[in-house]
Amino acid sequence: MRTSVAQNGLTFTAYAGTTGVHLTWDADDALRQNLLGFAIKRRESRYRTGRWLAGGIGFPGQAHRPGVFMDTSLAPIQAFRWGDYTVYPATKYTYELVPMYGPWDALQPGPPATLEVRTEAVRGKPHSVAFNRAVAASQAYERRFPEVDPHNNVEARKWLCRDLDKFVLDFIAWGDGPQWALDVCIYEYELPEIRDALLAVRNAGTAVRLVYHSKTGDAQTEDNEASVTAGHWPAGTVRARKTSSIMHDKFMVHSRMQGGVRRPKAVMTGS
């Protein structure tokens, strides 16, 4: 969803996804004298009076602990865009953009621009879209899980995943039984949850075919091959991919079986 407003010499636009809102703005020339940055306040059902979004860049001489973000009313955003990655899907938010004027140690707010936006739902028809936190949340991860390897920490992986694993597992189980077929091209067949979900629908009668990641001398390939061997896949239903140069070619396709022919009904693909 995109919302834009022109108010008090400010042009303010919000681009809302499922778990992030990208905010952009501009200010008329008449507003720029002594302008030191912008503060953003967000209101929602849990914070009806609003709360300031936080930023990481303060002014020289402004005391704050390294790595600890300050409210943008104290440390205004010194740019014309900002990402809010603390939102939830299918939720209405009101953003107030406030120009802040010097001096830096006694900031004065100018007239704001206000807009309302609603984030998208994860699940919908005909399309559903889900995101994990991944790179966009790297600083937030370090603040929440300092010096923690997510491979060895369940809570860290859960936070990074943001229910994307359930999204994938639900798709695998979307159609099971002899009337269904599932074609899978995937990297991480060694993940127990993925492996078990595919074996479950295969054992329920779904015609499953699998292409898995394979690269000479790669440890992940060895893990995938071990999972394939343990799964006792029938001949002709599983193979290693022929090239490792296509780095993001992964997908799953559900088809209805009609007279021995696959009729595609749903597809999941990932970045």
Side-chain angles (χ1 to χ4, degrees), residues 1-2 14-23 42 44-47 51 53-54 69 82-93 95 117-146 148-176 180 182-202 204 206 208 210 212-213 220 223-224 227 247-254 265-271:
M1 178 180 182
R2 182 179 68 179
Y15 303 87
T18 53
T19 52
V21 177
H22 190 67
L23 302 165
R42 190 185 77 195
E44 58 187 284
S45 59
R46 295 182 303 161
Y47 301 97
R51 66 185 184 103
L53 298 188
F69 279 18
W82 196 251
D84 182 7
Y85 303 110
T86 63
V87 298
Y88 293 88
T91 304
K92 184 172 67 176
Y93 295 96
Y95 289 94
V117 69
R118 185 177 183 85
T119 52
E120 302 288 346
V122 172
R123 300 179 186 274
K125 294 181 179 181
H127 303 119
S128 298
V129 181
F131 294 92
N132 61 5
R133 283 189 167 90
V135 177
S138 58
Q139 292 186 36
Y141 177 87
E142 184 61 26
R143 291 195 300 274
R144 184 180 290 256
F145 302 101
V148 171
D149 183 347
H151 294 91
N152 303 321
N153 188 290
V154 174
E155 288 303 314
R157 289 199 306 274
K158 181 179 178 182
W159 186 85
L160 285 171
C161 192
R162 196 188 247 159
D163 293 330
L164 187 59
D165 52 349
K166 184 178 186 304
F167 194 77
V168 173
L169 297 177
D170 286 350
F171 184 85
I172 292 174
W174 182 71
D176 63 353
W180 290 101
L182 178 61
D183 292 310
V184 179
C185 179
I186 196 170
Y187 289 128
E188 297 179 335
Y189 181 63
E190 79 273 13
L191 293 178
E193 298 86 350
I194 300 295
R195 181 186 63 213
D196 294 347
L198 289 175
L199 293 178
V201 296
R202 189 196 72 183
T206 301
V208 181
L210 171 68
Y212 63 90
H213 167 76
Q220 185 182 11
D223 293 338
N224 280 331
S227 294
M247 296 306 296
H248 283 274
D249 186 18
K250 50 184 177 286
F251 55 86
M252 295 187 287
V253 180
H254 265 297
K265 296 297 180 182
V267 62
M268 170 179 280
T269 187
S271 171

Side chains of [X] and [Y]: does their closest heavy-atom pair fall under 4.5 Å?
{"X": "Y189", "Y": "V184", "result": "no"}
{"X": "L198", "Y": "L182", "result": "yes"}
{"X": "F69", "Y": "L53", "result": "no"}
{"X": "W174", "Y": "M268", "result": "no"}

Quick one: list whatever passes ring-ring contact (aromatic ring centres under 6.0 Å, His included) with F171, sequence neighbours left out.
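Scan of F171 (ring-ring contact (aromatic ring centres under 6.0 Å, His included), adjacent residues dropped) gives H254.
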
Could you pull out all residues at least two apart from W82 that satisfy ring-ring contact (aromatic ring centres under 6.0 Å, His included)?
none

Would you please name every residue forming a side chain to side chain donor-acceptor pair (under 3.5 Å) with [X], sequence neighbours left out?
{"X": "R144", "value": "none"}
{"X": "H213", "value": "D218, R241"}
{"X": "N153", "value": "none"}
{"X": "H151", "value": "D149"}

For the backbone of [Y] and the side chain of [X], can you confirm whether one donor and one acceptor N or O come within less than 3.5 Å of each other?
{"X": "E120", "Y": "M1", "value": "yes"}
{"X": "T269", "Y": "M252", "value": "no"}
{"X": "T119", "Y": "A90", "value": "yes"}
{"X": "T18", "Y": "V122", "value": "no"}
{"X": "T206", "Y": "R202", "value": "no"}
{"X": "R133", "Y": "R162", "value": "no"}

Which atoms form the tightest heavy-atom contact between [X] and [Y], and what is the distance?
{"X": "N132", "Y": "L160", "answer": "CB-O, 3.2 Å"}
{"X": "I172", "Y": "A197", "answer": "CG2-O, 3.7 Å"}
{"X": "S227", "Y": "E190", "answer": "OG-CA, 3.5 Å"}
{"X": "F145", "Y": "A156", "answer": "CZ-CA, 3.7 Å"}
{"X": "F251", "Y": "V253", "answer": "CD1-CG2, 4.0 Å"}
{"X": "V87", "Y": "Y95", "answer": "CG1-OH, 3.5 Å"}

How long is the straight-line distance from CG of L191 back to CD1 of I186, given to the nearest 0.5 Å?
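Atom-to-atom, I186:CD1 and L191:CG are 7.5 Å apart.
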
Hey, what do you get for CZ (R195) to CG (L210), rounding to the nearest 0.5 Å?
12.5 Å

Is there a donor-acceptor contact under 3.5 Å linking the side chains of Y93 and D84?
no

Closer than 4.0 angstrom, basic N to acidic O: yes or no for R123 and D170?
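Counted as a salt bridge, because a side-chain N and a carboxylate O are separated by less than 4.0 Å.
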
Check against side chain to side chain contact (heavy atoms under 4.5 Å, CB included), V21 and R42
CA-CA 11 Å; V21 177; R42 190 185 77 195; over 6 Å; no

